[in-house]
Amino acid sequence: MSLPALAITEGHPARANGDPLRRHQRLLRIGALAWLGAAALGQLLFAIYIVGFYGSSTLAGQPQRWNEVMPHGYVAGATAFNAVLAMHLLLAAGIVLGGGLQLWPALRRWAPAVHRWNGRFYMAAAALLALGGLAMVWIRGGAAGDTAQHLGTSLNAVLILWFAAAAWWHARQRRITEHRVWALRLFLAVGGVWFFRIGLMLWLLLNQGPAGFDADTFTGPALTALAFAQTLLPLAVLELYLRAQRQAGGLRAWLACATLLVAALATLAGSLAAAALMWWPPLAAG
Ligand code: HEM
């Protein structure tokens, strides 16, 4: 049986049937596909929320409704930052949907021009989201959370800018192996805000309520840790996977596969909890 290929599952080809290397690559593909399936569903639900809630409230001429879900969203009279936030939300919807498309190798083979243009949009959108996010956190002020969380989110923004530049540079130089690695890092860093939301919902689910943070002030060690983990944890799992793909070895492949399967379950549970408790209520109220 051959498994469908996705960019993340592409690596070094196996040599021959029955080769242990081939078995290990198969394990890695199974783990990667399980996680990608859960992530695709979770990101689709996030995109539906962004388009459904922010899109419809904006088109209805009610941007003040953004404040139902953000502590410091629309501010009457603050034209410049309202425009930055509106742009942020528009790009957020596009980038969440565009990411899945970009990881689909069939698109690269059948329509390489679409891959290139979607890739340019993705990198430009990622940079604008990161820069706009930094401006909202450090210049506008009033974003949810405390300084420690803002540092975690800012690390995410800086890594997005770095990974986008590296992925673009390697693509320009036609170094496709390096481009793939940096593009995967970029995909995970761009997913940071989504990881934060599903991570928070999973944490609430596991603890049956807020634990390690104050729900009123939205501060505490659990949220500080999550603000950094939203970027660093997925990147660590990716490194584990890439190393297992590069260096043949049964133990590495099993470890990476098991980690990805656990990550897939956590992603699925966190995404469904976020959809039910965080994203669906404002959509239903509209
Ligand atoms: C790159 C991918 C990103 C996506 C897809 C994204 C998505 C979103 C979404 C959907 C919201 C609305 C809040 C909600 O409904 O949950 C939002 C708000 C916001 N985002 Fe982002 N974002 C991204 C990156 C960033 C970065 C890197 C930063 C900071 C450095 C940032 C800072 C903010 C801020 C400050 C708000 C307003 C929240 C508030 O005032 O409480 N975003 N973002």
Side-chain angles (χ1 to χ4, degrees), residues 39 42-58 63-75 78 81-100 102 121-164 167 183 185-201 217-219 223 226-228 230-232 234 270-271 274-275 277-283 285-286:
Q43 297 205 350
L44 183 65
L45 294 172
F46 188 38
I48 289 172
Y49 154 74
I50 300 173
V51 174
F53 176 69
Y54 291 107
S56 63
S57 54
T58 307
Q64 65 279 5
R65 283 204 60 212
W66 301 349
N67 297 349
E68 291 170 20
V69 292
M70 276 189 274
H72 199 73
Y74 177 79
V75 180
F81 273 111
N82 288 338
V84 170
L85 183 55
M87 177 61 72
H88 194 83
L89 296 168
L90 186 68
L91 290 175
I95 206 165
V96 174
L97 291 169
Q102 205 60 6
F121 158 76
Y122 192 85
M123 289 178 196
L128 287 173
L129 276 161
L131 293 172
L134 284 172
M136 285 193 287
V137 169
W138 298 109
I139 302 174
R140 184 198 68 169
D146 57 9
T147 308
Q149 283 173 55
H150 295 163
L151 288 173
T153 321
S154 301
L155 172 69
N156 175 261
V158 171
L159 290 180
I160 287 175
L161 293 171
W162 174 21
F163 296 165
R185 289 181 182 138
L186 176 62
F187 174 72
L188 292 183
V190 164
V193 295
W194 168 77
F195 281 119
F196 185 93
R197 285 155 177 77
I198 67 167
L200 176 60
M201 288 298 129
T217 59
F218 205 64
T219 57
L223 292 180
L226 190 55
F228 285 90
Q230 66 174 346
T231 318
L232 299 179
S271 299
L277 303 172
M278 197 191 265
W279 301 329
W280 174 247
L283 272 179

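These numbers come from a predicted model, not from an experiment. Atoms within each ligand, like the ligands themselves, are counted from 1 in listed order.
Summarising the geometry of Pro281 relative to Ala275, their closest heavy-atom pair is CD-O, 4.3 Å, with the distance given to 0.1 Å. Summarising the geometry of Leu283 relative to Gly52, their closest heavy-atom pair is CD2-C, 3.4 Å, with the distance given to 0.1 Å. Nearest heavy atom pair, residue Ala86 against residue Trp66, reads CB-CH2, 3.8 Å.
By the 4.5 Å heavy-atom criterion applied to side chains, Leu129 and Ile160 are not counted as neighbours. Contact annotation: the side chain of Leu151 approaches that of Phe228 to within less than 4.5 Å [non-hydrogen atoms, C-beta and beyond]. Looking at heavy atoms from C-beta onward, Leu89 lies in side-chain contact with Leu85 at the 4.5 angstrom threshold. Thr153 is listed as a side-chain neighbour of Gln230, based on a closest heavy-atom distance under 4.5 Å.
The contact set between ligand 1 and Tyr49, taken as ligand atoms under 4.0 Å from a residue heavy atom, comprises 14 (C), 15 (O), 16 (O). Atoms of ligand 1 lying under 4.0 Å from at least one heavy atom of Ala157, given by number and element, are 27 (C), 30 (C). If you number the atoms of ligand 1 from 1 as listed, the ones under 4.0 Å from a heavy atom of Leu129 come out as 1 (C), 2 (C). Close contacts between ligand 1 and Ile50 involve ligand atoms 10 (C) [criterion: under 4.0 Å to a heavy atom]. Applying the 4.0 Å criterion to heavy atoms of Ile160 picks out, from ligand 1, the atoms 1 (C). Short contacts between ligand 1 and Val137, defined as distances under 4.0 Å to a heavy atom of the residue, involve ligand atoms 35 (C). Of all the atoms in ligand 1, the ones that sit under 4.0 Å from a non-hydrogen atom of Arg140 are 39 (C), 40 (O).
Not one N or O of Ser154 is nearer than 3.5 Å to an N or O of ligand 1, by distance alone. Remark: ligand 1 and Asn156 share no N or O pair separated by less than 3.5 Å (distance only, no angle test). Taking any N or O of Thr153, backbone or side chain, none lies under 3.5 Å from an N or O belonging to ligand 1.
Between Tyr54 and Tyr49, the angle of the ring planes goes over 60°, which puts this pair in the perpendicular group of the 30/60° scheme.
Ligand 1 is approached by Arg197 to a heavy-atom distance shorter than 4.0 Å. Using a 4.0 angstrom heavy-atom cutoff, Tyr54 counts as in contact with ligand 1. Ligand 1 has no atom lying under 4.0 Å from any heavy atom of Met278. Residue contact check for ligand 1: Trp194 places no non-hydrogen atom closer than 4.0 Å to it. In this structure, Ala144 is part of the shell of residues with a heavy atom less than 4.0 angstrom from ligand 1.
Atom 9 (C) of ligand 1 has Leu89 CD2, 4.0 Å as its closest protein atom, hydrogens excluded (heavy atom only). From the protein, the heavy atom lying nearest to atom 7 (C) of ligand 1 is Ala92 CB, 3.6 Å. Of the protein's heavy atoms, Met136 CE, 3.8 Å lies nearest to atom 36 (C) of ligand 1. Given atom 21 (Fe) of ligand 1, the protein heavy atom at minimum distance is His88 NE2, 2.1 Å. Protein heavy atom in closest approach to atom 4 (C) of ligand 1: Val193 CG2, 3.3 Å. The shortest contact between atom 2 (C) of ligand 1 and any protein heavy atom is with Val190 O, 3.4 Å. Of the protein's heavy atoms, Gly133 CA, 3.5 Å lies nearest to atom 28 (C) of ligand 1. At the shortest separation from atom 37 (C) of ligand 1 among protein heavy atoms lies Met70 SD, 3.6 Å.
The main-chain N or O of Tyr74 is found under 3.5 Å from a side-chain atom of Asn67 such that the two form a donor-acceptor pair. A donor-acceptor pair under 3.5 Å is formed between the side chain of Gln149 and the backbone N or O of Phe218.
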Would you mind writing out the side-chain donor-acceptor pairs for residues 187-196 within the sub-3.5 Å range, not counting sequence neighbours?
residue: Trp194; atom: NE1; partner: Gly42; partner atom: O; Å: 3.3

Q: Under the side chain to side chain contact (heavy atoms under 4.5 Å, CB included) rule, what do Arg65 and Phe53 come out as? Steps first, then yes or no, please.
A: CA-CA 9 Å; Arg65 283 204 60 212; Phe53 176 69; 3.5 Å; yes
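The CG atom of Leu97 sits 11.0 Å away from the OH atom of Tyr122 when rounded to the nearest 0.5 Å. Separation of atoms CZ (Phe81) and CD1 (Ile139) is listed at 5.5 Å; rounding is to 0.5 Å.
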